[in-house]
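Working notes, structure below.
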Amino acid sequence: MFRALIGGAAAAAMLFAAGAGAAQDFTAERLSDDIRTISADAFNGRYPGTEGERKTLDWLQAQYEAMGFQPGGPNGQWLQHIELRSYTPVEGAARAGWTGPDGQMHALTPGADIQIRAVANDGKADVRNAELVFAGYGITAPERNWDDYGDIDVRGKVVMVLPGEPEGELFNGPYNTFYESMARKADEAYARGAIGIVTVIMSPANDPVWTNTVRRGGFRRMLSPGAADLEFSVVINRDLALAWGHAAGLDPASLGAVGGGSFKAVALPGVRLFVQAEERITTTITHNLLAKIEGTTHPDEYLIYSAHWDHIGGAEQHPDAPGDDKIYNGAWDNASGTIGVLEMARAFKAGPAPQRTVIFAHMAAEEMGLKGAYAYAADPVYPLERTVADINIDMLPLSGPTRDLPIFGKGQNDLEDRLQAILEPLGRYVSDDGRPEQGFFYRSDHFPYARMGVPAIMPWHGIDWVDGGVEAGKSAWEAKFAADYHKPSDEWSADWDLRSAVENLTVFYRLGQDLANSRDWPQWKPMSEFGAIRARSDAARQ
């Protein structure tokens with residue numbers, strides 16, 4: 001076990017007494033000045049693949065060079081090159097149909113009966129006479145003793161699944177697990193050899209839920225690097241699913257309660273699916289920027305601090321934005337986190353060289369769906385099995401001091417316990433984000449690391465203010481978020497209160513110092529869905 005748990009407050013006190021935090025000199029003034037710089041109109045919303053990206057990364061590189069950092073990207077470079085592919089359906093190219101045991105073809109109308117997307121990297125799908133398997137929620141969760149697949153072989157077949165996950169405390173109650181994600185369901189199906197996935201929307205064909213689903217399904221989309229390389233994904237309504245089940249001779253009642261834990265996947269005998277699709281591919285080139293301090297005694301073990309540098313652009317991306325100001329400056333989201341990581345690097349550079357290598361990673365295209373972080377996780381510069389943890393900073397708090405320090409994904413890994421050991425002597429505490437309906441743990445750049453098994457943590461905004469408590473803090477936070485999140489009004493202000501930001505950066509500096517100067521490896525908690533993934537590489541950390 002890590003030493004912070006051996007008398008948490010005492011361990012934190014030892015860390016303070018040893019002077020590990022002495023090099024830390026986070027200041028509100030420097031944070032404010034640098035946030036103001038990269039959120040200025042001249043950076044035009046820092047959109048990937050634009051002049052705003054070039055200016056942002058040039059500025060960051062210059063800061064790291066001035067501090068004497070080494071490049072941390074591939075082949076001794078500062079930048080990790082990323083190609084992001086967007087897919088748009090070719091009009092009229094999608095076709096689909098199915099046959100039952102009698103061999104009669106039933107044509108399906110894309111955009112009405114069925115919604116089809118090619119998934120393969122070439123943007124084309126041509127699957128004929130494919131067998132179907134209904135796999136319930138499509139979840140295999142060994143830590144929860146849950147397996148919808150059982151012993152069925154789905155190699156070369158198409159898997160049908162329901163959206164979401166079973167209700168109840170087994171799947172984290174009000175907080176969703178990753179198993180509810182269609183990306184996770186696709187990963188599971190692909191790992192088992194399936195060629196396509198069908199999601200069943202449990203609404204009839206004439207229901208607005210269904211018509212809105214197919215309408216939205218034809219938009220351009222960007223696949224995440226490392227996504228399951230299935231041939232296609234399909235969405236169907238309840239009526240079509242029942243028709244397939246009836247044709248296969250399945251009694252819906254005989255399947256048992258899909259959400260009860262006893263269900264196992266079943267084949268749809270005699271039912272075959274035909275799908276063709278083609279999508280037009282466009283490519284955006286963007287970059288992660290990485291700097292590093294090489295470890296003195298364990299340089300092949302890595303701690304990562306990350307933040308996304310991008311925002312959502314200016315007039316070119318938002319020509320129809322209301323009003324005269326069409327630049328989404330993203331001062332809070334996420335110039336603040338970007339500068340937080342830069343300042344973290346400054347603090348580490350001013351202190352003693354760490355035993356482990358510390359990486360300061362500025363991730364691209366978070367606003368496009370965590371794409372820079374997914375690209376890194378799919379093609380890591382440093383082995384993920386030797387990566388100690390990721391500490392992600394997205395939107396520094398803008399308030400006075402707080403008692404609480406919320407994190408995304410409370411209960412996932414022991415980084416929160418290490419954090420609590422540091423906070424406790426300060427009269428502070430770790431809390432959850434308080435908004436289970438938002439699924440925040442799966443929505444920022446720490447998550448692609450977690451998805452690959454790397455313990456990850458992300459702080460959020462405290463609402464238990466030292467001056468005013470939760471009553472004052474919660475209302476102020478909700479007002480700020482409603483006023484400025486993803487709006488042109490998210491601009492730097494000289495009135496920002498960055499005292500809580502300084503407090504939290506100091507705490508996460510101390511957490512990082514402990515991790516970078518120890519032989520500990522943070523662990524996932526027993527009910528985390530990511531523990532089994534990490535366990536596959538245990539031998540690399542012996």
Charged tip of Arg36 within 45° of Trp492 ring normal and under 6.0 Å: yes

Residues His362, Tyr305; criterion ring-ring contact (aromatic ring centres under 6.0 Å, His included); working and verdict: CA-CA 9 Å; His362 296 273; Tyr305 284 96; over 10 Å; no

Ion pair check, Asp300 and Arg356, cut-off under 4.0 Å: no

Six-ring centre of Phe481, Arg435 cation under 6.0 angstrom, axis tolerance 45°: yes

Arg220 atom CZ, over 12 foreign heavy atoms within 6.0 Å: no

Aromatic ring proximity, centroids under 6.0 angstrom, His461 and Trp477: yes

Verdict with supporting geometry, Leu419 and Leu423, side chain to side chain contact (heavy atoms under 4.5 Å, CB included): CA-CA 6 Å; Leu419 182 60; Leu423 291 174; 4.0 Å; yes

Geometric cation-pi criterion, Lys474 with Trp465: 6.0 Å, 45°: no

Full working for side chain to side chain contact (heavy atoms under 4.5 Å, CB included) between Phe69 and Ile293: CA-CA 7 Å; Phe69 273 82; Ile293 299 177; 3.2 Å; yes

Check ion pair Asp34-Arg30 (N to O, under 4.0 angstrom): no

Rounded distance [0.5 Å steps], OG1 in Thr177 versus CZ in Arg144: 5.5 Å

Gap between atom NE2 of His308 and atom CG of Asn392 - 0.5 Å precision: 8.0 Å

Spacing of CD belonging to Glu416 relative to NZ belonging to Lys410, to within rounding of 0.5 Å: 5.0 Å

Cation over ring face, Arg46 and Trp59, 6.0 Å, 45°: no

Residue pair His486, Tyr328: steps toward the ring-ring contact (aromatic ring centres under 6.0 Å, His included) verdict: CA-CA 7 Å; His486 278 207; Tyr328 290 70; 8.0 Å; no

Salt-bridge contact Arg519-Glu301 (side-chain N to carboxylate O under 4.0 Å): yes

Centroid-centroid distance, Phe441 to Phe408, less than 6.0 Å: no

Within-4.5 Å side-chain heavy-atom neighbours: Met363 and Tyr376: yes

Any donor-acceptor N or O pair under 3.5 Å, side chains Thr286, Glu53: yes

Salt-bridge criterion met for Arg184 and Glu188 (N-O under 4.0 Å): yes

Distance flag, aromatic centroids of Tyr47 and His311, threshold under 6.0 Å: no

Enclosure of Glu478 CD (heavy-atom neighbours >12, cutoff 6.0 Å): yes

4.5 Å side-chain heavy-atom contact, Ile35 and Trp496: yes

CD1 on Ile82 to CG on Leu84, rounded to 0.5 Å: 6.5 Å

Partner of Asp404 under side chain to side chain contact (heavy atoms under 4.5 Å, CB included), chosen from Val430, Ile463, Asp432: Ile463

Phe447 and Tyr374 aromatic ring geometry - parallel, tilted or perpendicular at 30°/60° bounds: perpendicular

